[in-house]
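Just below is one structure, and these are the notes that go with it.
Heads up: numbering here begins at 1 and tracks the sequence.
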Amino acid sequence: MRRAQTSFRNPGKMREMSPGWTNGTCALLFALSTSLTAGAECTPRAALITRLRACYTYENGLGRNQPHREQFSLFQHSGRTFLRQDLVPDQYASNLRPVQVFDNGATTIVNTWNCPTGPSWVSCAIFLNDHASDPPRVLYGKEEVQYPSAGISPPVCEFVLDVPRWQPSPASPDKRRLAAEMLSEFQALGYGDARAIVIRDFHLDDPEITALITNRDGTQEFQGCTLARDKSPHCAWHMFGQTSRASVRRLVLSKPYRLFPLPDNKP
């Protein structure tokens, strides 16, 4: 049995979500290149904006897949950068927004939380950051979460990200090379005797790969790969949490790309 270390986002509506921990595909990379001024526009590094755009383009392809804009708010506190997605993400509770946390100057996420939509999101993010190891407290009835900020009010800036339609990369030597290398990693994971390995067709900058594997006995399994094409190995493996097998199957077969057997991935 293969083991996973992370889980895929549950596509169901988060109707009763409470502020706290969350997880998401696009909680990946961000760093700020300039100091912050309240009400000003942020100036993130170009390479990281490119990566962020690729990530949100991928998620766009899982939903309406129409060009649109995403707006973000950002502040810094205690050596960390806090990034909030201002518009309501697809399938997200309307009273909450995801807040992603990064060490300043780094490109790896530390945490992702849900915080309220209003101005208290700053106090929420600071509180959760400063009390990340505290046990959660149960709320009763209509009791609201309180986030004592100890008078901390860092300046918040904003930026807008243009998100295009998602489409898979056309056939090319680079795409075939990456597909062949991913196939080798799937086989090394324990799928060396698989009858077929089919993934959802992909763009070279996609952050996720989803695979449907047919074993020799005809049984089928699903495997997720958080993709980093500029690293080796490329895949960080995960399964799919509470996401239904039927929805993962539909995702793959809506735009199938055969890793094995060839010819989709022919040399």
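Listed for the Glu185 side chain is a donor-acceptor partner under 3.5 Å among the backbone atoms of His234. With hydrogens and angles disregarded, no donor-acceptor distance shorter than 3.5 Å links the side chain of Arg64 to the backbone of Gly61. Under a 3.5 Å cut-off, the side chain of Arg84 and the backbone N or O of Val99 do not form any donor-acceptor pair. Looking at His203, its side chain never comes within 3.5 Å of a backbone N or O of Ser169 through a donor-acceptor pair. Panel note: side chain Arg69, backbone Val160; no donor-acceptor pair is recorded below 3.5 Å.
The minimum heavy-atom distance linking Arg165 with Asn65 is given by the pair NH1-O, 2.8 Å. The two residues Thr117 and Ser94 make their nearest non-hydrogen contact at CG2-O, 3.3 Å. Counting all heavy atoms, side chain and backbone alike, Ala179 lies closest to Phe202 at CB-CZ, 4.3 Å. Of all heavy-atom pairs spanning Tyr191 and Glu221, the tightest one is OH-OE1, 3.2 Å. Listed here is the closest heavy atom pair of Tyr257 and Arg200: CB-C, 4.5 Å.
Expressed to the nearest 0.5 Å, how far OG1 of Thr81 lies from CD of Gln76 amounts to 4.0 Å. Atoms CH2 and CG, on Trp113 and Asn129 in that order, are 4.5 Å from each other to the nearest 0.5 Å. Annotation: the span from Leu204 atom CG to Asp174 atom CG amounts to 6.5 Å, rounded to 0.5 Å. Put simply, CG on Asn60 and OH on Tyr56 are 11.5 Å apart, with the number rounded to the nearest 0.5 Å. The CD atom of Glu208 sits 3.5 Å away from atom OG1 of Thr226, with the distance rounded to the nearest 0.5 Å. Note: Asp162 CG to Thr57 OG1 = 10.0 Å, rounded to the nearest 0.5 Å.
Ring orientation note: the planes of Phe240 and His238 are nearly perpendicular, at an angle over 60° on the 30°/60° scale.
Under the salt bridge (Lys or Arg N to Asp or Glu O under 4.0 Å) criterion, Asp206 pairs with no residue at all, not counting sequence neighbours. Taking Pro173 as the reference, Arg176, Arg177 meet the side-chain contact (heavy atoms from CB on, under 4.5 Å) condition, with sequence neighbours excluded. Applying the side-chain contact (heavy atoms from CB on, under 4.5 Å) criterion to Ser120, with sequence neighbours excluded, gives Pro116.
Proximity of Arg229 to Asp205: side-chain heavy atoms (C-beta onward) are separated by under 4.5 Å at one or more points. No side-chain heavy atom of Cys235 sits less than 4.5 Å from a side-chain heavy atom of Ile209. Within the 4.5 Å cutoff, the side chain of Glu59 has no heavy atoms near those of the Pro207 side chain. Annotation: side chain of Ile199 is not in contact with side chain of Cys225 (no heavy-atom distance under 4.5 Å).
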Verdict with reasoning, His77 to Asp130, per side-chain contact (heavy atoms from CB on, under 4.5 Å): CA-CA 10 Å; His77 166 73; Asp130 294 348; 3.5 Å; yes
Trace of the salt bridge (charged side-chain N to carboxylate O under 4.0 Å, His left out) decision for Arg195 with Asp217: CA-CA 9 Å; Arg195 181 187 301 172; Asp217 61 3; over 6 Å; no
Phe222/Ile213 under side-chain contact (heavy atoms from CB on, under 4.5 Å): CA gap, chis, key distance, verdict: CA-CA 6 Å; Phe222 301 95; Ile213 296 106; over 6 Å; no
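Under the side chain to side chain donor-acceptor pair (under 3.5 Å) rule, Asp201 has a single partner from Lys175, Arg258, Gln167, which is Lys175.
Taking the six-membered ring where the residue is Trp, the centroids of Phe75 and Trp121 are separated by under 6.0 Å. Ring-centre distance between Trp237 and Phe186: below the 6.0 Å cut-off.
A donor-acceptor contact closer than 3.5 angstrom links the side chains of Gln220 and Arg249.
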